[in-house]
Participant: 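Quick one: the structure is below, and I'll ask about it shortly.
Here, residue 1 is the first one in the sequence, and each next residue gets the next number. Bear in mind the structure is a predicted one, so any value in this text is a computation, not a measurement.
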Amino acid sequence: MSRKTMVRPGGRSARVQASVHAAVRELEAEVGREALTVPLVATRAGVTPSTIYRRWGDLQELLSDVAVERLRPETAPEDKGSLRSDLEAWAEQFLEEMSAPTGRAYIRDALLGGPDGTNAGQCSAYAAEQIDVILDRAADREENAPDVETVLDRVVAPMMYRILFRPEGLDTAYARQLAVGLVGSNDR
């Protein structure tokens, strides 16, 4: 195996990624997104601009990578005792986080980076993993549950469309309506 194809967990690569990501977040807060440049980020992170260009290619790719990391859920979905309750609570939280200004900015960054769609696909995978946890719980409770793709199509996709293109008037009632529309109103 060549050195280039060998991936080491941790090590210098992980430290570089962590320091560059931290630099992006700090600088966004301090000087604003519009003022970000690769040299500015590199200086803050203690790396050379060529390190960033080699790893990420350009600023948009870097911002996309940071967005994907920020969109990663930190905890498993809460267990509320039923499929409907679990899905409603998850959908409400998802909508709240993604429709906030920072959530929308991270979504846009994830979509704009990675011409092959890898970063956007990773965000979709995060949602699918969370939904899978909810559906596994439902199966353990012997509840009738849809598959992951159906939940993505009927709950996540409409929310993402509204978040990106028609964010006015989005609220938790909308998220609940999508969840209830999928699993029914009797399954409390």
Participant: Closer than 3.5 angstrom, by distance alone: can the side chain of Asp171 be matched with the main-chain N or O of Tyr174 as a donor-acceptor pair?
Facilitator: yes
Participant: Could you report the tightest heavy-atom contact between Met159 and Ala175, atom names first, then the distance?
Facilitator: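 So the two residues come closest at SD-CB, 4.1 Å.
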Participant: Would you say the side chain of Leu63 lies within less than 4.5 Å of the side chain of Val66, judging by non-hydrogen atoms?
Facilitator: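 Counting from C-beta outward, Val66 and Leu63 never come under 4.5 Å.
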Participant: Rounded to the nearest 0.5 Å, how far apart are CZ of Arg44 and CG of Leu27?
Facilitator: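 Between Arg44 CZ and Leu27 CG, I get 4.5 Å after rounding to 0.5 Å.
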Participant: Quick check: closest heavy atoms across Val41 and Ala23, and the distance to 0.1 Å?
Facilitator: O-CB, 3.7 Å
Participant: Scan Asp65, Val38, Thr51, Val47 and name whichever one has a side chain to side chain contact (heavy atoms under 4.5 Å, CB included) with Val20.
Facilitator: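 It is Val47; the other options fail the test.
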Participant: Is it the case that more than 12 heavy atoms not belonging to Glu30 sit under 6.0 Å from its CD atom?
Facilitator: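 Yes - once you tally the heavy atoms of other residues, nucleotides and ligands closer than 6.0 Å, there are more than 12.
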Participant: Could you check whether Arg15 and Ser19, counting side-chain N and O atoms only, form a donor-acceptor pair closer than 3.5 Å?
Facilitator: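 Judged by distance alone, the side chains do not pair up.
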Participant: List the steps and the verdict of side chain to side chain contact (heavy atoms under 4.5 Å, CB included) for Ile163 and Leu95.
Facilitator: CA-CA 8 Å; Ile163 288 166; Leu95 181 63; 3.9 Å; yes
Participant: For atom CD of Glu96, is the number of surrounding heavy atoms from other residues, nucleotides or ligands below 6.0 Å larger than 12?
Facilitator: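 No, because the 6.0 Å sphere around CD of Glu96 holds 12 heavy atoms or fewer from other groups.
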Participant: State the NZ-CD distance between Lys80 and Glu88, to the nearest 0.5 angstrom.
Facilitator: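 So the NZ of Lys80 and the CD of Glu88 are separated by 10.0 Å.
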Participant: Which heavy atom of Leu71 sits nearest a heavy atom of Ile107, and at what distance?
Facilitator: CD1-N, 4.2 Å
Participant: Taking the side chain as every heavy atom from C-beta outward, state whether Pro77 and Arg137 have any pair of such atoms under 4.5 Å apart.
Facilitator: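 Yes, their side chains come closer than 4.5 Å.
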Participant: Can you tell me how far apart CE (Met98) and CD (Gln93) are? Round to the nearest 0.5 Å.
Facilitator: 9.0 Å
Participant: Ignoring hydrogens and geometry beyond distance, is a side-chain donor-acceptor pair present between Thr150 and Asp147 at under 3.5 Å?
Facilitator: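 There is such a pair (donor and acceptor under 3.5 Å, judged by atom type) between the side chains of Thr150 and Asp147.
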Participant: Whether the side chain of Thr43 engages the backbone of Pro39 through a donor-acceptor N/O pair (distance < 3.5 Å, no angle test) should be reported.
Facilitator: yes
Participant: Tell me if a side-chain donor or acceptor on Asp86 pairs with a main-chain N or O of Asp79 at a distance below 3.5 Å.
Facilitator: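 Absent.
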Participant: Quick check against the 3.5 Å criterion: does Gln130 have a side-chain atom that pairs as donor or acceptor with the backbone of Thr75?
Facilitator: yes
Participant: Working to the nearest 0.5 Å, report the span between CG of Asp140 and CG of Leu135.
Facilitator: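 Answer rounded to 0.5 Å: 11.0 Å.
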Participant: Is a side-chain N or O of Arg162 found less than 3.5 angstrom from the main chain of Pro167, in a donor-acceptor match?
Facilitator: no
Participant: Is any NZ, NE, NH1 or NH2 atom of the basic residue among Arg72 and Glu69 found under 4.0 Å from an Asp or Glu carboxylate oxygen of the other?
Facilitator: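 So Arg72 pairs with Glu69 through a salt bridge.
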Participant: Give, for atom CG of Asp109 and atom CZ of Arg33, the distance between the pair rounded to the nearest 0.5 Å.
Facilitator: 3.5 Å
Participant: Under 3.5 Å, is there a donor-acceptor pair between the Arg55 and Ser13 side chains?
Facilitator: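 There is such a pair between these side chains.
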Participant: Minimum heavy-atom separation for Ala110 and Asn119, please, with both atom names.
Facilitator: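 Minimum heavy-atom separation between Ala110 and Asn119: O-CB, 3.8 Å.
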